[in-house]
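Worth knowing before you read on, the calculation uses all heavy atoms, side chains too, and leaves out hydrogens, waters and symmetry mates.
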Amino acid sequence: EKVTVLETGADGLASSAEFSVGAFGQTLEYVLAYEHDVPRRVAWRATSGSVKALVGSYTFSDLGNGRTKVQYKLAIDPGFNVPRMIKTPATKLIVGTALNELRK
């Protein structure tokens with residue numbers, strides 16, 4: 001719902017950002033620290049906030065002919081129990097949204 005870049009590196013890319021998002025019927029607020037290895041990888045991890053743990057990354061591999069393989073990894077522990085009937089569709093939505101945003 002809201003993202004605020006807190007710090008940028010010398011390359012102008014975000015190194016820290018604060019998020020406020022609606023998820024699982026609650027509002028989660030957290031700060032992510034980013035590591036960039038342009039053009040191969042971007043990774044992030046929660047450093048503070050209301051989530052117990054959040055770690056993720058995108059890894060890009062050039063396949064030639066204008067094609068790129070993207071590997072997306074995400075692990076999140078919101079710090080509270082999420083029923084399976086909510087967890088499964090939420091997981092599909094998160095992954096689908098993350099990968100569709102890359103195509104833009």
Side-chain angles (χ1 to χ4, degrees):
E1 294 177 17
K2 182 180 176 185
V3 179
T4 303
V5 174
L6 302 175
E7 296 177 50
T8 57
D11 54 11
L13 299 173
S15 58
S16 179
E18 182 177 42
F19 290 78
S20 177
V21 298
F24 312 116
Q26 297 188 29
T27 299
L28 302 176
E29 297 180 338
Y30 51 89
V31 174
L32 295 183
Y34 289 91
E35 296 177 17
H36 301 273
D37 180 13
V38 178
R40 291 175 286 282
R41 186 170 188 266
V42 60
W44 58 90
R45 62 180 170 77
T47 58
S48 65
S50 58
V51 295
K52 187 173 180 181
L54 192 155
V55 179
S57 66
Y58 287 109
T59 303
F60 306 95
S61 303
D62 185 359
L63 299 177
N65 297 324
R67 299 180 332 144
T68 303
K69 176 182 175 182
V70 178
Q71 183 177 28
Y72 175 63
K73 292 183 179 181
L74 180 67
I76 182 169
D77 180 350
F80 53 86
N81 187 33
V82 178
R84 177 169 283 173
M85 62 185 242
I86 295 173
K87 188 185 303 185
T88 300
T91 299
K92 290 178 183 178
L93 178 64
I94 290 167
V95 171
T97 300
L99 296 178
N100 285 333
E101 288 295 315
L102 284 175
R103 292 186 178 112
K104 291 183 178 181

**Request:** Working to the nearest 0.5 Å, report the span between OH of Tyr58 and NZ of Lys73.
**Result:** 14.0 Å
**Request:** Search all heavy atoms of Thr47 against all heavy atoms of Ala33 and return the closest pair with its distance.
**Result:** CG2-CB, 3.6 Å
**Prompt:** Atom OG in Ser20, atom NZ in Lys2: separation rounded to 0.5 Å?
**Reply:** 7.5 Å
**Item:** N/O donor-acceptor pair under 3.5 Å between Asp11 side chain and Leu13 backbone
**Value:** yes
**Asked** Of the non-hydrogen atoms in Asp62 and Arg67, which two are nearest, and what is the gap between them?
**Response** OD1-O, 3.4 Å
**Prompt:** Is there a donor-acceptor pair closer than 3.5 Å between any side-chain N or O of His36 and the backbone N or O of Ser15?
**Reply:** no
**Prompt:** Should Tyr72 and Val55 be regarded as members of a common hydrophobic cluster, given that ILVMFWY residues are connected when their side-chain heavy atoms come within less than 4.5 Å of each other, either directly or indirectly?
**Reply:** no
**Message:** Do Leu74 and Trp44 have side chains that approach each other closer than 4.5 Å (heavy atoms only, starting at C-beta)?
**Reply:** yes
**Message:** Is there a path of hydrophobic side-chain contacts, each under 4.5 Å between heavy atoms, that joins Leu6 and Val3?
**Reply:** no
**Item:** Ser57 OG to Glu35 CD distance, which is reported to the nearest 0.5 Å
**Value:** 10.0 Å
**Option from Val31, Leu32, Leu28 for which side-chain contact (heavy atoms from CB on, under 4.5 Å) with Phe19 holds** = Leu32
**Prompt:** Nearest heavy-atom pair of Thr68 and Leu63: which atoms, and what distance?
**Reply:** C-CD1, 4.2 Å
**Request:** Looking only at non-hydrogen atoms, find the nearest pair between Ala17 and Tyr34 and report the distance.
**Result:** CB-CE1, 4.0 Å
**Item:** Side chain Ser50, main chain Glu29, donor-acceptor under 3.5 Å
**Value:** yes
